[in-house]
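I have placed the structure first, in the form of structure tokens, so that the comments after it can refer back to it.
Values below: all heavy atoms of this structure, side chains included; hydrogens, waters and symmetry mates excluded. Naming: A, B, ... by sequence-line order, numbering from 1 per chain.
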2 protein chains.
Amino acid sequence: MFPVLYAVFMSAALQPFPKSQQPPAQPELLQLGPAEDEPCLRADAARNRARLLEAAARLVAEHGAAGVTMEAVAAAAEVGKGTVFRRFGDRTGLLTALLDHSEKKFQAAFLGGPPPLGPGAPPVERLRAFGRELLRRSVDEMDLQLAAEPSPERRFSVPVRRLHHNHVALLLRQAVPDADSEFLAHTLMGSLNPVLIHHLTGPCGLPMERLEKAWCDLVARVTRTG
Amino acid sequence: MFPVLYAVFMSAALQPFPKSQQPPAQPELLQLGPAEDEPCLRADAARNRARLLEAAARLVAEHGAAGVTMEAVAAAAEVGKGTVFRRFGDRTGLLTALLDHSEKKFQAAFLGGPPPLGPGAPPVERLRAFGRELLRRSVDEMDLQLAAEPSPERRFSVPVRRLHHNHVALLLRQAVPDADSEFLAHTLMGSLNPVLIHHLTGPCGLPMERLEKAWCDLVARVTRTG
DNA sequence: AACAAAACTGGACCCTGGTCCGCTTAGGAT
DNA sequence: ATCCTAAGCGGACCAGGGTCCAGTTTTGTT
């Protein structure tokens, strides 16, 4: 029942960003034990990290994600501004860390959980489930997801996104071996982007069911099924 | 031969941003005479606008779009910083204005030019042509396109994008009347996003032909043709 | 020509993300 | 217990986007 596969960047996705650190290679999927959240942080550093996350969470709850400024977080955690940046790299990193728990659960579910999200179901069905779940999460954690949207340059290189992308590409390759799964995966992931979902459910007022239906239809068309 | 249809926001897309200005309604397409670039600008304002655009263009040529700072532009145009913002709203607005000429030509082409891009060809063929052209433009004007990428909040509300979106949605409605063209249009537009194209052609190193092929294949799948 | 209203100007100012670097401290080695 | 060193710290500092408003210029009116 516990996930047996952890995908590439699984751990990197949840670590701080020592800027120049690059994963040595890009294997498609890696088998890993459950990665340590905090591999070898000094005691004080670990404590500060926790305080920062707690402070950030409190601020989000109080003022919404948009009002979470790095200085405010530092102040609330009674820590220097530099510490925040060293630990989380940048604002996006901090916000991402707040979404970490939910993300991990999601990853466990689609990598090793029960079908249809996890392995065992046919790929098309897994794709449908994957989208449904991502939609649900986008709505649930909307403001954080929006605030955590990476800058354009990083939009496609953020580890979490790459992992999702690789997963979708893998399923596509199984479902439609003759297609350009790389490109199609980007297309599919694009329609699940939190910013788009927010635009559609917010300003455009589309109801959730319509999105789910549209997603399933999209999957059907792209895979030429249904 | 000259475009007879100008789409909604055609003029708004090319105007400065008096922040609170909203187009009164959202008709799908509007018939308009060629909109004045500068409807009723005071003489000095018009002159400053021209100087700013010229200065910005020069800076882009010299230092690349990334290095174009608002203050630098103001200085180069020998104008106050405030003037830049009043005229163009924000950085994105300024950069967008630089792309204006090319954009107008493109709009004229797909709204009223010769087939397959313009009216006359079957919708699926027009979609293929539309994507090809957008891809070409993305590559040609890459750095400007990237620098002009709007902030997430505006990504889907920027007039130019809405226009493109509406066009694609219209074609989709013709090609697949039973589908959710609104959503599918977002999907298609997402795969033509300059940021994605840059990611694919740059870091990922995909050749242009592959993208064109993938685009055509995507259109075929989405419209269940081919 | 004189005047008033509207439009425009520009630079001082604020905010926030992000960097830097000299100082401090944890914690392993001796 | 002491020392040494790498890791960590934090606040001063910077840059760049965006706002504001007191003063200036344009332009239409009488």
Side-chain angles (χ1 to χ4, degrees), chain A residues 15-21 38-53 55-56 59-60 63-97 147-154, chain B residues 15-21 38-53 55-56 59-60 63-97 147-154:
Chain A
Q15 304 300 332
F17 292 62
K19 319 247 137 114
S20 51
Q21 166 190 323
E38 280 317 311
C40 47
L41 270 196
R42 234 167 66 170
D44 52 346
R47 190 205 44 191
N48 279 346
R49 182 179 200 276
R51 292 172 66 169
L52 281 169
L53 282 176
L59 287 184
V60 168
H63 311 302
V68 174
T69 166
M70 296 303 260
E71 255 179 21
V73 174
E78 296 178 286
V79 140
K81 196 178 173 183
T83 304
V84 194
F85 282 94
R86 181 156 3 77
R87 196 53 57 204
F88 297 100
D90 58 12
R91 202 180 114 96
T92 294
L94 173 60
L95 275 333
T96 302
E149 179 72 13
S151 66
E153 308 89 71
R154 303 207 173 281
Chain B
Q15 303 300 331
F17 294 59
K19 319 245 135 112
S20 51
Q21 166 189 326
E38 282 315 312
C40 45
L41 227 38
R42 233 169 66 170
D44 52 347
R47 190 204 44 185
N48 280 346
R49 181 178 200 276
R51 292 171 67 168
L52 282 168
L53 283 176
L59 287 184
V60 168
H63 311 301
V68 173
T69 162
M70 296 303 261
E71 257 179 20
V73 174
E78 297 180 284
V79 141
K81 197 179 173 182
T83 304
V84 193
F85 282 94
R86 183 159 356 81
R87 196 55 54 205
F88 297 101
D90 58 12
R91 202 179 115 95
T92 294
L94 174 60
L95 275 333
T96 302
E149 179 72 14
S151 68
E153 309 89 71
R154 303 206 173 281

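- Remark: P of D:dA6 and CG of A:D44 are 17 Å apart, rounded to the nearest angstrom.
- Once rounded to the nearest 0.5 Å, the distance linking CD of B:E149 with OG1 of B:T96 reads 9.5 Å.
- Rounded to an integer number of Å, the gap from CE of A:M70 to P of D:dC14 is 21 Å.
- Distance check, rounded to the nearest 0.5 Å: CZ of A:R154 to CG of A:D90 gives 7.0 Å.
- At least one donor-acceptor pair closer than 3.5 Å links the side chain of B:R91 to the backbone N or O of B:V68.
- Scanning both residues, A:L95 and A:A148, for their nearest heavy atoms gives CB-CB, 3.7 Å.
- Taking only side-chain nitrogens and oxygens, A:R87 comes nearer than 4.0 Å to OP1 or OP2 of D:dC9.
- Distances shorter than 4.0 Å separate none of the side-chain N or O atoms of A:N48 from OP1 or OP2 on D:dG8.
- Per the geometry, CD belonging to B:E71 stands 10 Å off P belonging to C:dA12, to the nearest Å.
- Between the CZ atom of B:R42 and the C1' atom of D:dG28 there is a distance of 12 Å, rounded to whole Å.
- Atoms CZ (B:R91) and P (D:dG18) sit 9 Å apart, rounded to a whole Å.
- In this structure, NZ of A:K81 is placed 9 Å from P of C:dG18, rounded to the nearest angstrom.
- You'll find that the side chain of B:A43 is closest to D:dT27, out of D:dG10, C:dA12, D:dT27.
- The side chain of A:T69 sits closest to C:dG17 out of C:dG17, C:dG18, D:dG17.
- Closest to the side chain of B:R86, out of D:dG17, C:dT9, C:dG17, is C:dT9.
- Distance, A:E149 CD to C:dG17 C1': 17 Å, rounded to whole Å.
- When rounded to the nearest whole Å, the span between CG of A:D90 and P of D:dA15 equals 20 Å.
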